[in-house]
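Working notes, beginning with the structure itself.
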Amino acid sequence: MKLLAVAALTGATASLHAENTITWETLGNNYSAENGNSYVQRFVIEADAPFERLAFCQFKRGMHPADPADTLIEILPGYFAVASERFAQAAPGKPVVVDVLTDGALRNISFIPDGMHLVAGGKAVSARNVRKPISSWPAQYQYANENGVNDRMIYGPEAFAINDSLRSAWRPAAYMQIPTSKKVKLSGKTFDCPESFQVKTVKVKDKRHDYYRARIDGGRLTVYTNSQYPEALTARLLQRIESSVDAYGKLPVADIEDWADLPYRGLMIDVARNFTSLDDMKSLISLMAAYGLNVLHFHVGDDEGWRVEIPELPELTEVGARRGYTESDDADFLKGIYSGNGNPDAETPANGFYSVDEYIELLQFADRMGVEVIPEFDSPGHSRAAIRAMEARYRRSGDASLRLIHDGDSSRYTTAQDFHDNLMNPALDGPYKFWDIVMGSLVNTYAKAGVPLRAIHIGGDEVPAHAWDGSEAANRLMADKGMTHQRNLYAYFVERVAEIAAKHKVKIAGWQEIALEHSPEYNATVQPQVVAVNCWTNAGKFGKQIAEQGFPLILSNVDYLYFDQTPTTHPEEQGLTWGGIVDEFRPLHATVERLCPGDAALQAKVAGISGQLFAETVRSRAMIERYILPRMLGLAERAHNVRPTLSDSEYFGALSGEMDGWAADGRDFYVRQPGIRLSDGKIEMNSAYSKGSIHYTFDGSEPVATSPLYTGPVSAAGVKQVRARLFYGPAASVTSILYID
């Protein structure tokens with residue numbers, strides 16, 4: 001369906017400016033037995049001049065305008081535009097209202113629009129985005145089916161009971177902060193904490209990972225270690241010492257012996273879908289290092305972006321690192337999705353990449369922190385950014401040798417993210433020439449940084465069935481090679497890429513698909529070239545299969561270790577829902593027994609564990625911090641100690657003890673909502689933590705840090721509704737609600 005053409009808008013771009021405002025709200029969920037769930041999204045547009053279109057990013061849903069005279073199209077799955085003749089009447093003081101009927105039920109704030117902007121003169125025009133809360137009244141988040149109303153809101157009384165059950169006064173003993181040490185022996189003596197320690201580091205031989213033994217006595221710290229990064233380990237130990245000073249400025253004399261159970265202790269951060277700056281990444285790497293995580297699985301290439309400069313292929317960042325408003329074939333930049341303001345050159349999370357010099361700076365910083373950086377460029381699926389960039393190169397130069405797709409391919413597929421055009425074709429030479437150039441360039445960049453490149457993550461996940469049915473080249477190759485299933489074609493791709501990596505003297509890593517359901521011949525060829533296989537589904541049987549086949553298993557399961565999943569069912573809490581609820585306890589419970597069931601010999605083959613943060617819903621470093629803190633500490637504990645150590649109560653107490661440090665450092669982090677209950681005509685509130693302040697309102701408005709402070713029970717006389725939030729340094733909870741009859 002084409003958008004309405006509004007010829008009268010020629011020249012409107014000049015008078016539109018960034019003070020335009022688009023306000024969004026939901027008018028509530030609806031249900032009918034015939035049509036199921038639906039809701040209405042209302043956009044109120046205040047523009048100072050006529051415009052042509054309203055564009056916005058949103059997870060794909062079926063939508064159509066309420067006004068039949070309006071038109072809506074999907075520019076890309078996740079990027080939409082509305083046109084209306086009414087837009088030609090826009091002027092100061094004359095807001096335009098657009099209602100969009102939307103399929104399904106709105107359950108969570110992460111599924112509302114973002115990147116709302118206008119289009120005038122064929123170009124994007126930025127606008128201030130205002131999004132009203134989705135908890136103003138229950139119909140906005142409650143939804144129904146044939147069995148009745150579903151209400152996932154965590155109301156005040158339920159939160160009150162949860163907080164009472166969680167509150168813990170327990171704090172770690174000296175030198176036993178997360179990740180907890182294996183052995184700490186206290187002499188019974190103490191000494192005054194000095195302003196600095198005399199540090200002596202001695203190399204020792206030991207087969208355990210990052211083994212050390214340390215003596216802390218009278219301002220002297222002696223460390224015997226086999227760590228490849230002794231300075232980073234010592235810095236971590238000094239942080240532990242600093243956190244062990246008692247109220248009197250005393251430290252215990254102690255001997256510590258410790259090591260990590262797993263060599264690979266990782267965190268995957270996705271900057272492809274939404275970009276994170278160099279300085280912010282350095283801050284996050286410092287946070288990783290503080291808790292003993294030693295691998296940054298750096299997701300820098302996916303459908304929505306390519307974020308590392310490859311000088312030999314400048315189109316990868318010229319086209320693949322920019323997103324904006326376009327209905328063309330991504331000729332100069334990618335179509336918008338997730339975030340941005342439609343401008344491919346604006347400083348938004350949609351745009352950006354690391355130059356070679358910036359990437360070198362990141363590598364060198366990470367190396368000083370004891371963190372290895374394994375870059376991921378997903379393939380053969382999740383490759384839309386690379387495909388569009390190489391198509392742009394072909395159009396500009398006429399050189400078809402690096403094309404990743406071919407003309408005439410009539411294959412029809414839909415990926416998990418609803419794309420239909422994001423698969424490299426394994427039957428072409430282009431993908432292998434492409435990978436050869438990318439790998440060679442990365443090897444050179446790491447060499448310039450003076451940092452070893454052990455492996456490149458090639459992705460390999462979520463290739464849909466029938467991906468190459470309509471490809472003459474694929475069908476011809478399958479016939480020539482005697483392949484009976486497209487799984488063989490996928491295996492051929494992985495084998496070729498692994499061979500290219502071996503030529504460049506690097507290994508590969510991949511998601512679980514590179515290790516499952518392949519032939520013994522494939523396993524014998526590929527397995528020696530693989531350093532890590534991330535098992536991501538929520539079925540322990542796959543982890544077991546990967547380990548049994550001898551691949552280095554990295555526990556990465558969505559239902560325990562995906563930090564982009566929401567931590568609660570509260571509709572205002574950010575996070576996706578497809579993998580279930582991942583609260584602060586789930587990573588702690590990610591034990592080898594659960595995720596790789598089998599005997600001790602099999603579990604000994606587990607090479608590591610990794611938390612994942614995909615960035616569809618990420619917009620800032622603060623949001624990343626809220627997603628990973630405190631969940632990262634459960635990950636760190638399981639990475640260091642694969643068997644259960646802390647109880648849930650002890651773990652929660654340890655988290656509470658860390659929050660002061662995060663707040664002092666200006667970091668955001670997740671905090672649970674306050675509880676509210678009615679007792680003997682009084683309104684009582686509580687928190688799961690010993691610190692922080694609760695602020696509340698009685699008029700239905702959202703509490704802010706200047707709202708009334710809760711100091712004790714408040715009379716409920718005349719009160720119909722209570723809303724409260726917990727504020728803890730830069731962190732703030734979602735809102736708790738109590739309705740009073």
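Worth knowing before you read on, the calculation uses all heavy atoms, side chains too, and leaves out hydrogens, waters and symmetry mates.
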**Six-ring centre of F365, K282 cation under 6.0 angstrom, axis tolerance 45°** = yes
**Request:** Establish, from distance only, whether the side-chain atoms of Y627 and Y562 form a donor-acceptor pair under 3.5 Å.
**Result:** no
**Request:** With sequence neighbours left out, write down each residue that passes side-chain contact (heavy atoms from CB on, under 4.5 Å) with A427, or none if nothing qualifies.
**Result:** N425, A473, A474, L477
**Request:** Could you tell me whether Y354 and F275 have their ring centroids closer than 6.0 angstrom?
**Result:** yes
**Request:** Using the test salt bridge (charged side-chain N to carboxylate O under 4.0 Å, His left out), find all partners of R388 that sit at least two apart in sequence or belong to another chain.
**Result:** D329, D330
**Asked** Without hydrogens or angle criteria, can the side chains of S277 and D279 be said to hold a donor-acceptor pair below 3.5 Å?
**Response** no
**Residues D357 and S355: side-chain donor-acceptor under 3.5 angstrom** = no
**Prompt:** Do the charged groups of R128 and E19 touch, with an N to O distance under 4.0 Å?
**Reply:** no
**Prompt:** Given the rule in the side chain to side chain contact (heavy atoms under 4.5 Å, CB included) test, do Y446 and V506 qualify, once you have shown the distances and angles that lead to the verdict?
**Reply:** CA-CA 11 Å; Y446 276 71; V506 296; over 6 Å; no
**Asked** With sequence neighbours left out, which residue pairs that include part of residues 308-323 fulfil the salt bridge (Lys or Arg N to Asp or Glu O under 4.0 Å) condition?
**Response** E315-R393, E318-R396, R322-D345
**Message:** Please confirm whether the ring centroid of H297 lies under 6.0 Å from the ring centroid of W511.
**Reply:** yes
**Prompt:** Is it true that the side chains of T102 and Q41 contain a donor and an acceptor less than 3.5 Å apart?
**Reply:** yes
**Ion pair R621/D668, N-O distance below 4.0 Å** = no
**Request:** Verify the distance criterion only: is there a donor paired with an acceptor across the side chains of H299 and D378 at less than 3.5 Å?
**Result:** no
**Message:** I'd like to know if the side chain of E462 pairs up with that of W536 as donor and acceptor (distance under 3.5 Å, no hydrogens or angles considered).
**Reply:** no
**Prompt:** Out of curiosity, I514 CD1 to E517 CD, how far, rounded to the nearest 0.5 Å?
**Reply:** 14.0 Å
**Request:** Could you tell me whether the side chain of S383 and the main chain of A386 form a donor-acceptor pair under 3.5 Å?
**Result:** no
**Prompt:** When you measure from the centre of the six-membered ring of Y432, is the NZ or CZ of R496 under 6.0 Å away and within 45° of the axis?
**Reply:** yes
**Request:** Can you measure from OG1 (T617) to CZ (R273) and round to the nearest 0.5 angstrom?
**Result:** 10.5 Å
**D461 and N534: CA distance, side-chain angles, deciding distance, side chain to side chain contact (heavy atoms under 4.5 Å, CB included) verdict** = CA-CA 10 Å; D461 60 315; N534 299 90; over 6 Å; no
**Residue pair D469 / Q486, side-chain donor-acceptor N/O under 3.5 Å** = yes
**Asked** Can you name the residues that form a salt bridge (charged side-chain N to carboxylate O under 4.0 Å, His left out) with E358, not counting sequence neighbours?
**Response** none
**Request:** Could you give me the CA-CA distance, side-chain angles and deciding distance for S110 and Q574, then say whether side chain to side chain contact (heavy atoms under 4.5 Å, CB included) is met?
**Result:** CA-CA 6 Å; S110 289; Q574 289 280 358; 2.8 Å; yes
**Asked** Tell me, do F56 and V82 make a side-chain contact under 4.5 Å, heavy atoms counted?
**Response** yes
**Message:** So, using ring pair (Phe, Tyr, Trp, His ring centres under 6.0 Å) as the criterion, who are the partners of F434 when residues are at least two apart?
**Reply:** W306
**Message:** Can a side-chain donor-acceptor contact be found between N523 and H518 if the only test is distance below 3.5 angstrom?
**Reply:** no
**Asked** Is there a donor-acceptor contact under 3.5 Å from the side chain of N274 to the main chain of R619?
**Response** no
**Beyond-backbone contact of C535 with L553, side-chain heavy atoms, under 4.5 angstrom** = yes
**Request:** Report the residues that fulfil salt bridge (charged side-chain N to carboxylate O under 4.0 Å, His left out) with R454, sequence neighbours left out, ordered by chain and then residue number.
**Result:** E372
